[in-house]
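Quick one: structure below, then a few questions.
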Amino acid sequence: MKELITTDGTRLAYQDSGGEGVPLVMLHGWGQTQAMFRHQLADLSPGRRVVTVDLRGHGLSGKPRHGYRIARLARDVHELVDHLGLGRFDALGWSMGVSVWWSFIDSYGTGRIRRFVAVDQPAAVAAVPWMTEREQRDSGAIFDVSELLALGAALAAPGGEEVRAAFVRGMFSGEPDPEVLAFVAEQITSTPAYAGVPLLFDHCAQDWRDVLPRIDVPTLVIGCEGSHVHPDSQRFIAEQIPGARLHVFPADVASSHFPFLENPAAFNAVVEKFLAEEADARA
C-alpha cells in the first residue's frame with residue numbers, strides 16, 4: 001500500500017499495480033474501500049496498470065474532520081493522478097465513485113480520460129420536489145429528501161451500526177452469498193459516522209444530469225437487474241451520454257449492487273472487452 005498526502009493534509013492510501021499500457025483508475029462507493037476491487041486488481045493487472053484508492057474517510061486512508069464533499073473527493077483524485085504522472089488514463093467508478101468521476105469531469109474536463117466505465121450509480125439519488133415524476137424515475141432517485149434526512153439522522157444516532165447493516169443488506173436481492181455480504185458489511189465499518197453521514201448527504205443531494213451530455217469520451221454504463229439501483233436509470237444515463245453503451249447483468253449473473261464481487265469473471269470480461277477495443281482498432 002502506498003500513500004499520498006493531499007494539499008489539505010489528508011493521507012490517501014492507494015495501490016498501483018505498475019505495468020504497461022493505459023492505466024485504469026478505479027473508484028469505490030460510499031462507505032466502502034478499494035478492496036471492493038480485489039478481483040479486478042488481481043485479474044486485470046497482468047495486462048494493464050490498475051490503480052485503486054481509499055477515498056478520504058474510507059478504508060486505510062486518513063479520516064480528518066473536513067472535506068466530506070464529492071467535489072473535494074474529485075480534487076483528491078485529481079491530485080492522485082497528478083502525483084502518479086498519469087497524462088491519460090481509463091476511469092472506472094462504481095456507485096458514489098461514479099459521482100466522483102462526474103464531479104472530476106465537471107471541474108477538470110475529459111482531456112485526460114481515454115475511456116470511462118460507470119457502474120450502477122443514479123444520475124440523482126434524492127428526488128427533489130422540483131423534479132417531475134418522470135424525471136425522478138429517469139434519474140434513478142432512490143428516496144426523497146425527507147427519507148435522506150431520516151437516514152442520515154439514524155446513521156449518526158446511537159445504534160447507527162444496525163441501520164448501516166440494514167442499508168448494506170438492501171443492496172442485495174434474494175439471498176446473497178454469505179461471504180460477499182459479510183465482506184461488504186465488514187468494509188463499511190472503516191468509515192466513521194462523522195465522515196460518512198455528511199458525505200452521504202452531499203453525495204445524494206447532487207444532480208449530475210447536466211454533466212452527462214458533456215461526456216465526450218467512449219463510455220460504458222453497467223447496471224444489474226438485481227440491484228437496488230433500477231436498470232432503467234442506467235439506460236437513461238447511457239442515452240444521455242453521446243455514443244455511450246449499456247450493459248445490464250441479468251439477475252442470474254449478478255443480483256446485487258456488487259457485480260465485481262458476485263461474479264468477477266463476468267464483470268472483468270465486460271470491462272476488459274470495452275477497454276481493449278480502441279487498442280484493437282489501432283492495431
Side-chain angles (χ1 to χ4, degrees), residues 1-6 10-63 67 70 72-105 112-121 180 183-184 186-191 195-196 199 203 220 222 257-272 274-276:
M1 196 71 67
K2 300 178 181 180
E3 293 186 354
L4 163 70
I5 304 299
T6 66
T10 300
R11 177 179 51 82
L12 297 182
Y14 70 92
Q15 294 187 79
D16 181 353
S17 71
E20 301 296 324
V22 179
L24 171 63
V25 182
M26 309 179 75
L27 302 182
H28 64 77
W30 178 83
Q32 294 301 325
T33 73
Q34 61 186 307
M36 292 289 106
F37 301 128
R38 55 184 179 171
H39 299 298
Q40 289 65 53
L41 194 63
D43 299 338
L44 296 179
S45 290
R48 68 176 64 251
R49 181 181 179 184
V50 179
V51 176
T52 61
V53 60
D54 285 333
L55 299 170
R56 71 170 58 210
H58 297 73
L60 299 176
S61 286
K63 299 171 178 64
I70 297 298
R72 178 64 239 194
L73 268 57
R75 178 168 176 177
D76 290 346
V77 173
H78 190 265
E79 292 180 17
L80 175 64
V81 297
D82 276 352
H83 171 74
L84 295 174
L86 305 185
R88 195 154 175 79
F89 56 88
D90 293 327
L92 182 148
W94 158 69
S95 196
M96 185 189 73
V98 181
S99 295
V100 176
W101 282 125
W102 284 334
S103 182
F104 182 103
I105 291 168
R112 296 167 72 171
I113 299 175
R114 187 191 70 119
R115 292 198 158 219
F116 178 43
V117 182
V119 184
D120 217 36
Q121 168 60 33
V180 173
F183 177 72
V184 173
E186 190 276 329
Q187 292 298 301
I188 203 172
T189 62
S190 71
T191 300
L199 180 59
H203 164 46
L220 172 65
I222 296 177
H257 191 42
F258 307 89
F260 42 84
L261 285 174
E262 259 195 297
N263 197 330
F267 181 86
N268 292 351
V270 169
V271 170
E272 186 59 58
F274 173 71
L275 296 181

Practice prompt. With the side chain counted from C-beta on, respond yes when W101 and V77 share a heavy-atom pair under 4.5 Å apart, and no when they do not.
Written response: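 With C-beta onward as the side chain, the pair touches.
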Discussion item. Please determine whether a side-chain nitrogen of the Lys or Arg among R48 and E20 lies less than 4.0 Å from a carboxylate oxygen of the Asp or Glu.
Written reply: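 Here R48 does not pair with E20 in a salt bridge, since their nearest N and O are not under 4.0 Å apart.
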Item to complete: Kindly indicate, with the supporting measurements, whether the criterion side chain to side chain contact (heavy atoms under 4.5 Å, CB included) is fulfilled by V98 and F116.
Response: CA-CA 10 Å; V98 181; F116 178 43; 4.2 Å; yes
Practice prompt. For the pair Q34 (side chain) and A13 (backbone), establish whether a donor and an acceptor sit closer than 3.5 Å, ignoring hydrogens and angles.
Written response: yes
Worksheet item: Nearest heavy-atom pair of T191 and G31: which atoms, and what distance?
Response: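 Shortest heavy-atom separation between T191 and G31 comes out as OG1-CA, 3.7 Å.
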Worksheet entry | Over all atoms of both residues, closest heavy-atom pair of M1 and L60 | CE-CD1, 3.7 Å
Worksheet item: Got Q40 and V50 here, is their nearest side-chain heavy-atom distance under 4.5 Å?
Response: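 They are not in side-chain contact.
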Discussion item. Would you compute the distance between atom OG of S99 and atom CD1 of I70 and round it to the nearest 0.5 angstrom?
Written reply: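 With rounding to 0.5 Å, OG (S99) is 5.5 Å from CD1 (I70).
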Worksheet item: Are the side chains of R88 and R112 in touch, meaning some heavy atoms are under 4.5 Å apart?
Response: no
Worksheet item: Backbone N or O of P259 within a donor-acceptor pair of the N263 side chain at under 3.5 Å?
Response: no
Worksheet item: CD1/I113 to CG/L86 distance, rounded to the nearest 0.5 angstrom?
Response: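 Spacing of CD1 (I113) from CG (L86) equals 11.5 Å.
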Worksheet item: Taking all atoms of both residues into account, what is the closest heavy-atom pair of Q32 and H58, and its distance?
Response: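 So the two residues come closest at O-CD2, 3.2 Å.
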Practice prompt. Mind checking the CG-CG spacing from L275 to L220? Nearest 0.5 Å is all I need.
Written response: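 Reported to 0.5 Å precision, the distance equals 8.0 Å.
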Item to complete: Before accepting this row, confirm whether a basic side-chain N of the pair R115/D90 lies closer than 4.0 Å to the acidic partner's carboxylate O.
Response: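 The answer is no: the pair does not qualify as a salt bridge.
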Worksheet item: Less than 4.5 Å apart, any side-chain heavy atom of F89 and any of R114?
Response: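 No; the side chains remain at least 4.5 Å from each other.
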Worksheet item: Are any side-chain N or O atoms of S190 and backbone N or O atoms of G59, one a donor and one an acceptor, separated by less than 3.5 Å?
Response: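 Flag set: sc S190 to bb G59 pair under 3.5 Å.
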Worksheet item: Can you find a pair of side-chain heavy atoms, one from V117 and one from I222, that are under 4.5 Å apart?
Response: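 Yes - at least one pair of side-chain heavy atoms lies under 4.5 Å apart.
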Fill in: R38 to F183, cation-pi by 6.0 Å centre distance and 45° axis angle
yes
Worksheet item: Would you call M96 and L73 a side-chain contact if the rule is heavy atoms closer than 4.5 Å?
Response: yes
Item to complete: For H28 and L55, indicate whether the former's side chain and the latter's backbone hold a donor-acceptor pair under 3.5 Å.
Response: yes
Worksheet item: Is there a donor-acceptor contact under 3.5 Å from the side chain of W94 to the main chain of A118?
Response: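 Side chain of W94 to backbone of A118, a donor-acceptor pair under 3.5 Å: no, none is there.
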Practice prompt. Report yes or no: does T52 contribute a side-chain atom to a donor-acceptor pair with the main-chain N or O of M26 at less than 3.5 Å?
Written response: no
Fill in: Pairwise distance NZ(K2) to CG(L80) - rounded to 0.5 angstrom
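K2 NZ to L80 CG: 11.0 Å, rounded to 0.5 Å.
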Practice prompt. Using the test ring pair (Phe, Tyr, Trp, His ring centres under 6.0 Å), find all partners of H78 that sit at least two apart in sequence or belong to another chain.
Written response: F104, Y108
Discussion item. Checking side-chain polar atoms at under 3.5 Å, does S95 have a donor or acceptor matched by the opposite partner on H257?
Written reply: yes
Worksheet entry | Distance-only donor-acceptor check, side chains T10 and R56, under 3.5 Å |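 A pair is found: one side chain offers a donor N or O, the other an acceptor, under 3.5 Å apart.
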Worksheet item: Would L261 and M36 count as a side chain to side chain contact (heavy atoms under 4.5 Å, CB included) if you check the C-alpha gap in whole Å, the side-chain angles of each, and the deciding distance to 0.1 Å?
Response: CA-CA 7 Å; L261 285 174; M36 292 289 106; 3.8 Å; yes
Discussion item. Using the rule given for side chain to side chain contact (heavy atoms under 4.5 Å, CB included), can you reason through E262 versus F267, listing the C-alpha separation, both sets of side-chain angles and the distance that settles it, and then say yes or no?
Written reply: CA-CA 9 Å; E262 259 195 297; F267 181 86; over 6 Å; no
Fill in: Side-chain touch Y14/D54, heavy atoms, less than 4.5 angstrom
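No, every pair of side-chain atoms sits at 4.5 Å or beyond.
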Worksheet, complete the sentence: Rounded to the nearest 0.5 angstrom, the CG-NE2 distance for D76 and H83 is 13.0 Å
Discussion item. Just verifying a value: how many Å separate L24 CG and R49 CZ, rounded to the nearest 0.5 Å?
Written reply: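 Going from CG on L24 over to CZ on R49, the span is 11.5 Å.
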Worksheet item: Between E79 and T6, is any side-chain donor less than 3.5 angstrom from a side-chain acceptor?
Response: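 The criterion, which ignores hydrogens and geometry beyond distance, is not satisfied for T6 and E79.
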Fill in: Contact check, side chains of L92 and L27, non-hydrogen atoms, under 4.5 Å
no
Worksheet item: How far apart are the closest heavy atoms of F260 and H39, and which atoms are they?
Response: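 Looking at all heavy atoms of both residues, the shortest contact is O-CD2, 3.6 Å.
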